[in-house]
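Read the structure below first, then the notes.
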Amino acid sequence: MANSPDIRRQLKTYGLTPPAVESHEVQAQRCLRLLAMKPTPIEKFQYLTHLRATNVHLFYRLMSENIKELTPLIYTPTVGEACVRWHEIWTQPEGMYLSWNDRGHLREILDNWPHEVEITVLTDGSRILGLGDLGVNGMGIPVGKLALYTACAGIRPSGTLPLTLDLGTGNEALRNDPLYMGSRTPKISAAEEKEFLDELMTALTDKWPSIVIQFEDFKSPFPALERYQNKYCMFNDDVQGTGAVIVGGFINAIRASGVPAKDHRAVFLGAGSAGVGVAKQIVEFFIKEGVTEEEARKKFWFVDSKGLVTHDRGDKLAEHKVYFARDDNNGRQYQSLSRLIDFVQPTILMGLSTIGGAFNKDILQKMAKLNDRPIIFPLSNPSSKSECTFDEAVHNTEGRCLFASGSPFPSLEYNGKLLTPGQGNNMYVFPGIGLGAILSKSITISQDMIYASAESLSTALNKQETADGWLYPDIRRIREVSVVVTRGVIRAAQQNGVDRAVELRQMSDDQLDVYIKERMYDPFNEIEKTTYPVTQPAGSGHHPFANGNGVGHVTNGLNNAHL
Ligand SMILES: NC(=O)C1=CN([C@@H]2O[C@H](COP(=O)(O)OP(=O)(O)OC[C@H]3O[C@@H](n4cnc5c(N)ncnc54)[C@H](OP(=O)(O)O)[C@@H]3O)[C@@H](O)[C@H]2O)C=CC1
Ligand SMILES: CC(=O)C(=O)O
Ligand SMILES: [Mg+2]
């Protein structure tokens with residue numbers, strides 16, 4: 001509808017659309033009205049999916065202007081429901097699927113992807129948010145995360161590859177559902193997964209030598225992370241991205257709590273990839289604050305599905321839990337989270353357990369009794385799995401809690417004051433980690449690059465946000481924030497000598513910021529960049545063969561929106 005009559009004549013689409021020529025603003029207005037007409041979040045999700053596939057620039061313009069309102073619809077919490085129901089609601093292909101049966105041919109199959117890829121997010125669907133093993137239904141996560149890469153850090157939609165590995169699923173209900181679209185076999189063994197991932201990593205880097213690879217929502221992420229992190233430009237978002245985003249908010253929370261680092265004690269509900277990833281990076285922060293590693297490690301008490309994680313509780317601990325396992329409980333049996341809080345008297349309570357509502361009234365009130373400013377981070381996703389809501393945390397701590405949750409909660413008024421929750425979600429850092437790795441042409445993603453994303457995030461609040469006691473910047477400023485995070489990541493890559501874009505080393509911070517901004521995809525600028533006539537190969541975000549107008553032209557989301 002934005003095409004002028006001349007362009008329509010050139011494209012031979014004259015007469016095939018209504019006569020009016022419409023500006024972006026008018027089209028965006030129609031999209032928002034259409035969106036408002038959809039009665040449920042999942043229908044809104046479907047509408048936005050369709051818009052992304054058919055008019056990619058318009059989709060990202062809409063995202064830019066309404067990031068706070070639209071993110072919960074394309075990402076957590078709605079993406080959780082979309083993944084659970086993916087086999088029922090699926091309408092069009094997005095991203096790429098690689099199955100266990102495809103082994104031996106992975107490199108060949110990658111050739112079917114019609115774009116040059118800068119970054120991929122890949123999952124095996126085995127731990128989708130806190131919703132368990134959803135097999136190939138997990139595709140919603142790579143698609144959603146990569147949409148945020150574009151919206152938040154300006155990575156070109158055509159440079160992103162959502163990738164779902166179909167390695168079987170332990171979800172019997174899905175395996176028996178006639179609509180399920182993955183292999184109907186149990187999950188392959190760890191050894192088979194290793195074989196498959198080894199082939200995949202070789203294939204991806206052979207096809208796209210500079211590709212950045214983000215692992216997402218694997219039930220057992222540690223072996224792959226250990227194997228690949230010093231060999232490929234890769235990171236695991238749940239372990240490392242989550243660790244970074246929580247440290248970023250935590251640095252501000254510690255300051256606001258008024259309690260020095262050395263006097264904090266943390267109880268973690270959940271000792272999985274995210275819990276341990278977060279705690280390990282908090283240890284790194286404590287060490288930078290002058291606490292010894294041994295003292296820092298001892299500040300954590302982890303609870304998993306079997307109770308307090310200790311060396312002597314009788315089971316063989318998973319390797320990732322050993323570092324934080326306690327050896328000072330003197331045979332005391334774990335009874336409940338509430339009793340543990342009495343014993344530990346924590347200043348910090350973190351939830352990465354997938355157990356919605358686990359931080360009940362009793363627990364929240366205990367935290368309020370123990371602390372002037374209790375740090376309470378219920379981080380499980382989606383909202384239904386959050387260990388408590390913002391409302392519950394505020395009302396049970398007399399409004400004194402320092403709060404961040406994984407999924408968004410609305411602001412609320414308490415004692416005449418408007419209180420706004422922080423969103424401790426890795427979406428604040430992974431876009432900048434990925435863009436930093438791409439622009440610096442990093443060989444690997446070092447731990448210093450991850451930590452730099454956390455530190456940079458903690459400095460990205462503006463004066464008003466700081467004055468209002470926020471822990472994270474306003475999500476509406478996410479592109480500015482991503483520039484700061486990206487710069488920090490690039491600088492750390494340079495310090496570690498893993499960067500190959502040596503020309504960036506000489507730049508001042510201001511120059512580097514300009515460079516980063518200039519390289520960010522801006523959906524509002526696409527008109528100027530277009531050369532006519534537009535009948536180039538499909539270039540829409542994630543759908544390789546999108547044909548947006550159904551009139552037989554090689555038009556697609558990208559082309560429609562150009563004009
Ligand atoms: N805010 C954010 O940015 C992020 C949030 N997350 C969220 O964190 C959650 C956990 O993710 P992740 O660590 O990767 O998942 P894992 O499956 O690796 O870990 C879950 C942990 O919770 C424990 N657990 C399960 N049930 C209970 C229970 N009843 N009581 C106490 N602990 C329990 C498990 O115990 P056991 O080890 O015994 O099985 C395990 O240690 C998810 O909801 C995810 O969405 C994840 C990444 C980022
Ligand atoms: C946010 C995220 O990565 C998760 O919940 O798994
Ligand atoms: Mg995740």
Side-chain angles (χ1 to χ4, degrees), residues 71-72 75-77 79-80 83 121-134 138 140-142 144-145 148 170 214-222 225 235-250 267-281 301-309 313 315-322 324-325 334 336-338 340 349-360 363 377-387 404-409 421-431 454 457 472:
T71 298
Y75 187 53
T76 185
V79 72
C83 288
V121 172
L122 64 90
T123 186
D124 69 347
S126 58
R127 194 286 278 145
I128 293 298
L129 306 180
L131 301 165
D133 182 347
L134 297 181
I141 294 296
K145 294 254 172 190
L148 292 184
Q214 172 172 328
F215 277 59
E216 191 70 48
D217 287 11
F218 278 70
K219 178 67 195 162
S220 308
F222 292 104
L225 181 57
F235 71 108
N236 181 291
D237 186 37
D238 298 296
V239 180
Q240 298 171 289
T242 313
V245 80
I246 299 313
V247 166
F250 186 75
V267 166
F268 272 59
L269 190 67
S273 40
V276 169
V278 168
K280 281 256 171 89
Q281 288 198 40
W301 282 259
F302 271 92
V303 175
D304 66 9
S305 65
K306 299 192 186 73
L308 183 66
V309 177
R313 72 179 187 183
D315 60 337
K316 177 159 173 28
L317 293 179
E319 214 176 298
H320 67 272
K321 296 180 187 174
V322 171
F324 288 109
Y334 173 81
S336 65
L337 183 60
S338 178
L340 183 68
L349 182 59
M350 295 265 177
L352 290 141
S353 67
T354 76
I355 307 299
F359 297 166
N360 58 28
I363 284 164
F377 282 17
L379 296 168
S380 290
N381 295 316
S383 319
S384 59
K385 305 291 178 187
S386 187
E387 284 78 6
S405 55
S407 295
F409 285 110
Q423 189 177 354
N425 190 295
N426 44 34
M427 65 175 284
Y428 272 104
V429 292
F430 68 73
L457 174 63
Y472 291 97

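Every number for a ligand or one of its atoms is a count from 1 in the order of the listing.
Under the 4.5 Å side-chain criterion, counting only non-hydrogen atoms from C-beta, Tyr334 is in contact with Leu340. At least one side-chain heavy atom of Val239 sits under 4.5 Å from a side-chain heavy atom of Phe222. When side chains are defined from C-beta on, Ser380 counts as touching Glu387, because their heavy atoms get closer than 4.5 Å. By the 4.5 Å heavy-atom criterion applied to side chains, Asn425 and Tyr75 are counted as neighbours. Considering only heavy atoms from C-beta on, Phe215 stays 4.5 Å or farther from Asp124 through its side chain. Residues Val278 and Phe268 form a side-chain contact, since some pair of their non-hydrogen atoms from C-beta on lies under 4.5 Å apart.
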Margin query: What verdict does the side chain to side chain contact (heavy atoms under 4.5 Å, CB included) test give for Leu129 and Ile141, after you've listed the backbone C-alpha separation in whole Å, the side-chain angles of each residue and the deciding distance to 0.1 Å?
Written below: CA-CA 9 Å; Leu129 306 180; Ile141 294 296; 3.9 Å; yes

Checklist line | Derivation of the side-chain hydrogen bond (donor to acceptor under 3.5 Å, both in side chains) call for Ser386 and Ser407 | finding: CA-CA 8 Å; Ser386 187; Ser407 295; over 6 Å; no

Item checked: Criterion side chain to side chain contact (heavy atoms under 4.5 Å, CB included) on Leu337 and Asn360, from CA distance to verdict -> CA-CA 10 Å; Leu337 183 60; Asn360 58 28; over 6 Å; no

Note to self: Please determine whether salt bridge (charged side-chain N to carboxylate O under 4.0 Å, His left out) holds for the pair Asp304 and Arg313, giving the CA-CA distance in whole Å, both sets of side-chain angles, and the decisive distance to 0.1 Å.
What the structure shows: CA-CA 12 Å; Asp304 66 9; Arg313 72 179 187 183; 2.7 Å; yes

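In this structure, atom 9 (C) of ligand 1 lies nearest to the protein heavy atom Ser380 OG, 3.6 Å. For atom 33 (C) of ligand 1, the closest heavy atom belonging to the protein is Ser305 N, 3.6 Å. Summary of contacts: the protein heavy atom closest to atom 1 (C) of ligand 2 is Asn381 ND2, 3.3 Å.
Close contacts between ligand 2 and Arg127 involve ligand atoms 6 (O) [criterion: under 4.0 Å to a heavy atom]. Close approach to Lys145 involves these atoms of ligand 2, each under 4.0 Å from a residue heavy atom: 1 (C), 2 (C), 3 (O). Listed by number with element, the atoms of ligand 2 under 4.0 Å from a non-hydrogen atom of Leu129 are 4 (C), 5 (O), 6 (O). Near Asp238, with a cut-off below 4.0 Å to any heavy atom, the atoms of ligand 2 are 2 (C), 3 (O), 4 (C), 6 (O). Atom numbering of ligand 1 starts at 1 in the shown order; those under 4.0 Å from a heavy atom of Ser353 are 22 (O), 24 (N), 25 (C), 26 (N). Atom numbering of ligand 2 starts at 1 in the shown order; those under 4.0 Å from a heavy atom of Tyr75 are 1 (C). Listed by number with element, the atoms of ligand 1 under 4.0 angstrom from any heavy atom of Asn426 are 3 (O), 48 (C). Near Asp304, meaning under 4.0 Å from any of its heavy atoms, are these atoms of ligand 1: 30 (N), 31 (C), 32 (N), 33 (C), 35 (O), 36 (P), 37 (O), 38 (O), 41 (O). Close contacts of ligand 1 with Gly270, meaning ligand atoms under 4.0 Å from a residue heavy atom, involve 21 (C), 22 (O), 23 (C), 41 (O).
Between Val245 and ligand 1, no pair of N/O atoms sits closer than 3.5 Å. On a distance-only criterion, Asp238 and ligand 1 share no N/O pair closer than 3.5 Å. Taking any N or O of Leu269, backbone or side chain, none lies under 3.5 Å from an N or O belonging to ligand 1. Here's the thing with Thr242: none of its N/O atoms is less than 3.5 angstrom from an N/O atom of ligand 1.
With a 4.0 Å cut-off on non-hydrogen atoms, Asp217 touches ligand 2 through its side chain and not its backbone. With a heavy-atom cut-off of 4.0 Å, Asn426 touches ligand 2 through its side chain alone. In Ile355, the part holding a heavy atom less than 4.0 Å from any atom of ligand 1 is the side chain. The part of Lys321 lying near ligand 1 is the side chain, judged by heavy-atom distances below 4.0 Å.
Not a single heavy atom of Lys385 sits under 4.0 Å from any atom of ligand 1. Taking 4.0 Å as the cut-off, Phe430 does not count as a neighbour of ligand 2 on heavy-atom distance. Ligand 2 does not have Met427 within reach: every non-hydrogen atom of the residue lies 4.0 Å or more from it.
Taken from CD in Gln214 to CD in Gln240, the straight-line distance is 10.0 Å, to the nearest 0.5 Å.
Using a distance-only test at 3.5 Å, with no hydrogens or angles considered, a donor-acceptor pair links the side chain of Tyr472 to the main chain of Val245.
As for Asp238, its N/O/S atom nearest the Mg ion (ligand 3) is the one called OD1. No other N/O/S atom of Glu216 lies as close to the Mg ion (ligand 3) as OE2 does. As for Asp217, its N/O/S atom nearest the Mg ion (ligand 3) is the one called OD1.
With Met350 as the partner, the side chain to side chain contact (heavy atoms under 4.5 Å, CB included) test is satisfied by one option alone out of Phe250, Phe359, Phe302: Phe250. With Thr123 as the fixed residue, the side chain to side chain contact (heavy atoms under 4.5 Å, CB included) test singles out one of Asp238, Asp217, Asp237: Asp217.
Considering Thr354, Val239, Leu129 only, the shortest heavy-atom separation from atom 44 (C) of ligand 1 involves Leu129. Closest heavy-atom approach to atom 40 (C) of ligand 1 within the set Ser220, Ala271, Gly406: this belongs to Ala271.
Here the shortest heavy-atom pairing between Lys385 and Thr354 reads CD-O, 3.4 Å.
Checking Thr242 against Asn426 by side-chain atom types alone, a donor-acceptor pair falls below 3.5 Å.
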